[in-house]
J.: 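Sharing a structure with you now.
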Amino acid sequence: MPNIILDFETRSRMPIAAGAYNYASDASTDILCLGVICEGTGNEWLWYPSDGPLPYDLTAAIQAADLIKAHNATFDKLIWEFVGVDDYAFPELPANRWYCTSAQCRVNALPSSLDNATRAVGVKMRKDRRGAQLIKLLSIPNDDGTFNTDPSALKEMGDYCLQDCRATLDLSQSIRQMTPQEHADWLLTEDVNERGAKVDVELARLALDYAEDEKLAIAEALTEITGGAITKHTQAVRARNWVIEQCGGDDIAAGIVAELTVFKDGVKKLSMDKAIRSNLLLKAASGDLTIPDNVLDVIELIDQGSKSSVSKFQRMVELADPDDHRVRGAFVFAGAGQTQRFASRGLQMHNMRRDCWGAEEAIAIKQDMAENYELDNVMNTLSKLLRPTIIPDTGKVFVVGDWSAIEGRVLPWLTNDPDAEVVLDVFRSGEDIYMHTAAAMRIDDRFIGKVATLALGYQGAVGAFNVMAKAYGLALPEAQVIAIVKKWRNANQWAVNFWRECERAVIKAMRKPATYVPCGRCQFIFIEGLIGGTLIGVLPDGTMLQYPRAKLEYVETQWGGKHQVSYMKASLTPKADAKAWPRATLYGGIIAENLTQAVAGCLLRYSLRQLDDVVLHVHDEIVLEVPSDIADHSMTTLQTVMETEPDWAEGLPLKAEPVIMERYGK
DNA sequence: TGCGGCGGCGCC
DNA sequence: AAAGGGCGCCGCCGCA
């Protein structure tokens, strides 16, 4: 039977920032209206709670629908279950019929939000901007906790709700549908999100208190040293200006200004970020730069403050379910439009500081805090507590597996180049890839082999090497870096050839629409009828990477003319006055990178489909929460799943050695 | 006062 | 000819 589109408008005293799960399950949450459109017949319904029970024909249409589509369907599903079924006797709906049009946008490499997606696609039905005002008016309580119930505003809200349904319908029909596999993977993500991950709320609260005190202390110290010119460590502009001013006379100040100067997209800017601060401290210590002591103190304070984890602990407390302390809804299927990898929102699980305390240390620090002891190096200590604040339930442990050098393996495998087998053989034999790389470059330095391996695979050169090297505290003369890049490329011709193949493949695909063009183990095809012409990279498992509004252009450069492919890039947000969506240009290295990261994502999804009890994943890492007495068995299972390559990845060597953890860690 | 822009930071 | 890119969140900055 025909699909239906639906959209709820709601109100609640629970802030939406507490997450969709806490919001929907809160006692104060109520439905303002429900808009529904039948995708087949075009029939529309608008229901208010004051109308009484859902009309029979509406209930019938929803129950009979193959798919129930909604933009951010998680939200509508939760409202249906927690408010509709419980308070208004809505019928129960099977979970697997829900279909998220926001996820559908993302697999089409479009922005996630309805507003942005409709803008990007240019569909006729646009999201109604009056909505934001109405939400403020009707959905958010007044200061005294009461709600506005103005009938005319409520009627307007209904119009807005139906308008959103029409925009969603129009949008969903203007782009390709999710494949059954994508839909199944979205449902699987829903399961992981519903399971959630437990937070040690007690620890988070203690950490929060300590962090807030320390933040205040840092602010006071900054205010005193600078005489109020800087009052918080987060005031970047004020800090820069003060530092330059303090460095006095023009000559010295010019020296400082040079240190703070960076080029971003060719534009000269001043910055005093972590790397630059570190550089300033080093040069001051070595005498290369004269910096007054009070300035050094300020830089030190900003360093400390920047490790702050106040917000993240705050977010943990805010998002944790009040009953079971689990944070739900953290993962976004295909959140990264360009690679179809997962993203994480709310409590961002994908960027927690890796350098962290073990379970025992974390418990000891928790004890110290509970007894009001002072901590050493407070901010640093606290930020190292972030991961261990994620805990398994009583009687359970985490089983954590991560793939070893996943991108370093996928890239050579993906090329399908016989020359790349040498590299794959190194992985198969268990030898040290960094030693091998160094040897192939005829450089007797494992460290250079490592940085080169990590930095140069995607056509990066001197810049990429230096950025990576700096992260490891290595600085080499430019001439030497140029030589390293050259040697790495010579030793890894398969990579250089693949970049060129990628670039040629996309151009060829653009020239011959609807024709598959091979590219290593992938293919490219240009579909003219999809979103203003979409270039698709088809991965070995059938996953599609899309480049919407792709254009083949001939550009004149100072080195001569050339063809290149550009496309509309969802992750770039257009300026308020922008007429067209921002675009990006493809070149060999970036194509190779997109494909590689995407295939790593395919492997992750392939594994997740076979596993129960997944509570977390971070691109190359899977975390299970299992009863302690079956942990050993789960560890074996996880390793087998992660190391067994799918049918479509024959010859790809995979390595993972899971471990058991009492708290989340590195 | 509200809001978009942007710098900064963390991860893979 | 050369090119690192993929994310999300926080909070200040500066404009309307």
Side-chain angles (χ1 to χ4, degrees), chain A residues 17 106 112 132 136 230-241 262 264-267 269-277 302-303 305-312 314-315 330-332 334-356 383 386-387 402-403 405-408 454-468 471 482 485 499 503 545 555 557-560 562 564 569-578 584-598 600-601 604 617-621 666:
Chain A
R106 296 192 299 269
S112 209
K136 238 175 240 171
I230 312 172
T231 57
K232 286 179 180 176
H233 73 269
T234 42
Q235 294 160 340
V237 173
R238 289 163 73 164
R240 277 195 321 251
N241 291 341
V262 290
K264 206 176 165 187
D265 298 328
V267 183
K269 293 193 169 167
L270 292 178
S271 165
M272 208 168 71
D273 67 13
K274 192 174 159 178
I276 292 170
R277 290 198 306 271
I302 293 174
D303 269 342
S306 302
K307 290 197 187 303
S308 159
S309 324
V310 191
S311 321
K312 205 126 184 164
Q314 176 80 58
R315 210 80 177 90
F331 295 96
V332 186
Q338 223 52 78
T339 60
Q340 301 294 300
R341 293 203 298 187
F342 288 97
S344 176
R345 285 187 198 152
L347 180 57
Q348 235 273 57
M349 300 284 193
H350 283 174
N351 72 344
M352 296 217 253
R353 184 166 173 195
R354 198 177 168 79
D355 176 18
C356 63
S383 74
L386 277 168
R387 278 195 195 217
D402 63 327
W403 275 293
I406 190 66
E407 290 190 26
L454 296 174
L456 304 181
Y458 304 123
Q459 213 172 326
V462 175
F465 186 94
N466 282 337
V467 167
M468 185 72 72
I482 292 172
V485 171
W499 305 332
E503 197 152 333
L545 298 191
V555 289
T557 72
Q558 62 182 104
W559 303 276
K562 64 170 280 190
Q564 65 178 30
K569 188 163 174 170
S571 62
L572 302 173
T573 34
K575 312 252 186 230
D577 57 352
T585 304
L586 289 174
Y587 63 89
I590 197 177
I591 299 165
E593 181 187 61
N594 285 174
L595 295 175
T596 303
Q597 290 191 343
L604 175 58
H617 46 77
V618 192
H619 305 306
D620 66 350
E621 176 185 358
K666 56 189 157 186

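Every value quoted in this text rests on a predicted model; they were computed, and no experiment measured them.
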J.: Return no unless some side-chain N or O of R353(A) is found under 4.0 Å from OP1 or OP2 of dG10(B).
T.: no
J.: Looking at every strand, decide which applies to G589(A) at a 4.0 Å heavy-atom threshold: base, sugar-phosphate, or nothing.
T.: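 Touches nothing.
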J.: Output the distance between atom CZ (R106(A)) and atom CD (Q338(A)), rounded to the nearest 0.5 Å.
T.: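 It is 14.0 Å, given to the nearest 0.5 Å.
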J.: So, OP1 or OP2 of dG7(B): does either fall under 4.0 Å of a side-chain N or O from R240(A)?
T.: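 Answer is no, no contact under 4.0 Å.
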J.: With a non-hydrogen cut-off below 4.0 angstrom, is G560(A) in contact with a base, only sugar-phosphate, or nothing?
T.: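 Contact class for G560(A): none.
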J.: So does T339(A) get a side-chain nitrogen or oxygen closer than 4.0 Å to the phosphate oxygens (OP1/OP2) of dG5(C)?
T.: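 It does not, given that no N or O in the side chain of T339(A) lies less than 4.0 Å from OP1 or OP2 of dG5(C).
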J.: From the options dG6(C), dC13(C), dG8(B), select the nucleotide whose nearest atom is closest to the side chain of Q597(A).
T.: dG6(C)
J.: Heavy atoms from C-beta onward define the side chain here; which of dC12(B), dG8(C), dC12(C) lies closest to that of Q235(A)?
T.: dC12(C)
J.: Please determine if a side-chain N or O atom of S571(A) lies less than 4.0 Å away from the OP1 or OP2 oxygen of dC7(C).
T.: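 True: S571(A) side-chain N/O within range (under 4.0 Å) of dC7(C) OP1/OP2.
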J.: Is S311(A) close enough to dC9(C) that one of its side-chain N or O atoms is under 4.0 Å from OP1 or OP2 there?
T.: no
J.: Taking the minimum atom-to-atom distance to the side chain of K269(A), which one of dA3(C), dG7(B), dC9(C) wins?
T.: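 The answer is dG7(B), which lies nearest to the side chain.
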J.: Return the nearest nucleotide to the side chain of D273(A); candidates are dC9(C), dC9(B), dG6(C).
T.: dC9(B)
J.: Between R341(A) and V237(A), which is nearer to the 5' end of DNA chain C once each is assigned its nearest nucleotide?
T.: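 Its nucleotide being nearer the 5' end, the pick is R341(A).
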J.: Please check if any side-chain donor atom of Y458(A) sits under 3.5 Å from a side-chain acceptor atom of E407(A), or the reverse.
T.: yes
J.: Figure out the CZ/P separation between F331(A) and dC12(B), and round it to whole Å.
T.: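 From F331(A) CZ to dC12(B) P: 13 Å.
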J.: Closest approach to the side chain of K136(A), judged atom by atom: which nucleotide of dC13(C), dG2(B), dC12(B) is it?
T.: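 That would be dG2(B).
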J.: Considering only side-chain heavy atoms of A336(A), which listed nucleotide, dC12(C), dG6(C), dG8(C), is closest?
T.: dG6(C)
J.: Among dC12(B), dA2(C), dG10(B), which nucleotide has an atom closest to any side-chain atom of K562(A)?
T.: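 Of dC12(B), dA2(C), dG10(B), dA2(C) is nearest to the side chain of K562(A).
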J.: Which value, rounded to the nearest 0.5 Å, describes the distance between R238(A) atom CZ and T231(A) atom OG1?
T.: 4.5 Å
J.: Respond yes when some side-chain nitrogen or oxygen of K307(A) is under 4.0 Å from OP1 or OP2 of dC9(B), and no when none is.
T.: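 Result: no.
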J.: Need to verify one output field. Residue with the more 5' nearest nucleotide on DNA chain C, N594(A) or E503(A)?
T.: E503(A)
J.: Give a yes or no answer on whether the side chain of R341(A) reaches the backbone of Q597(A) with a donor-acceptor pair at less than 3.5 Å.
T.: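 Flag not set: sc R341(A) to bb Q597(A) has no pair under 3.5 Å.
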J.: Looking only at side-chain N and O atoms, does K312(A) come under 4.0 Å of OP1 or OP2 in dG8(C)?
T.: no
J.: Is the ring centre of Y587(A) under 5.5 Å from the base ring centre of dA3(C), and are the two planes under 30° apart, so that they stack?
T.: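 Base of dA3(C): stacked against Y587(A).
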J.: Q348(A) has a side chain; which of dC9(C), dG5(C), dG7(B) sits nearest to it?
T.: dC9(C)
J.: Rounded to the Å, how far apart are K569(A) NZ and dC7(C) P?
T.: 7 Å
J.: Atom CD of Q564(A) and atom P of dA1(C): how far apart are they, to the nearest Å?
T.: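 Rounded to the whole Å, the gap is 14 Å.
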J.: Below 4.5 Å, heavy atoms only, C-beta onward: do K312(A) and R353(A) meet side chain to side chain?
T.: no
J.: Could you please name the option among dG11(C), dG6(C), dG8(C) that lies closest to any side-chain atom of I590(A)?
T.: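 It is dG6(C).
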J.: Distance check: side-chain N/O of R238(A) vs OP1/OP2 of dC12(C), anything under 4.0 Å?
T.: no
J.: Can you see if the side chain of K274(A) gets near the phosphate of dG8(B) - specifically, an N or O under 4.0 Å from OP1 or OP2?
T.: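 Checking K274(A) against dG8(B): no side-chain N or O falls below 4.0 Å of OP1 or OP2.
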J.: Working to the nearest 0.5 Å, report the span between CD1 of I302(A) and CD of Q235(A).
T.: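 Reported to 0.5 Å precision, the distance equals 9.0 Å.
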J.: Can you tell which of dG6(C), dG8(B), dC7(C) lies closest to the side chain of R277(A)?
T.: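 For R277(A), the side-chain atoms sit closest to dG8(B).
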J.: Using 0.5 Å steps for rounding, measure from the CG atom of D273(A) to the CZ atom of R240(A).
T.: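 Going from the CG atom of D273(A) to the CZ atom of R240(A) covers 10.0 Å.
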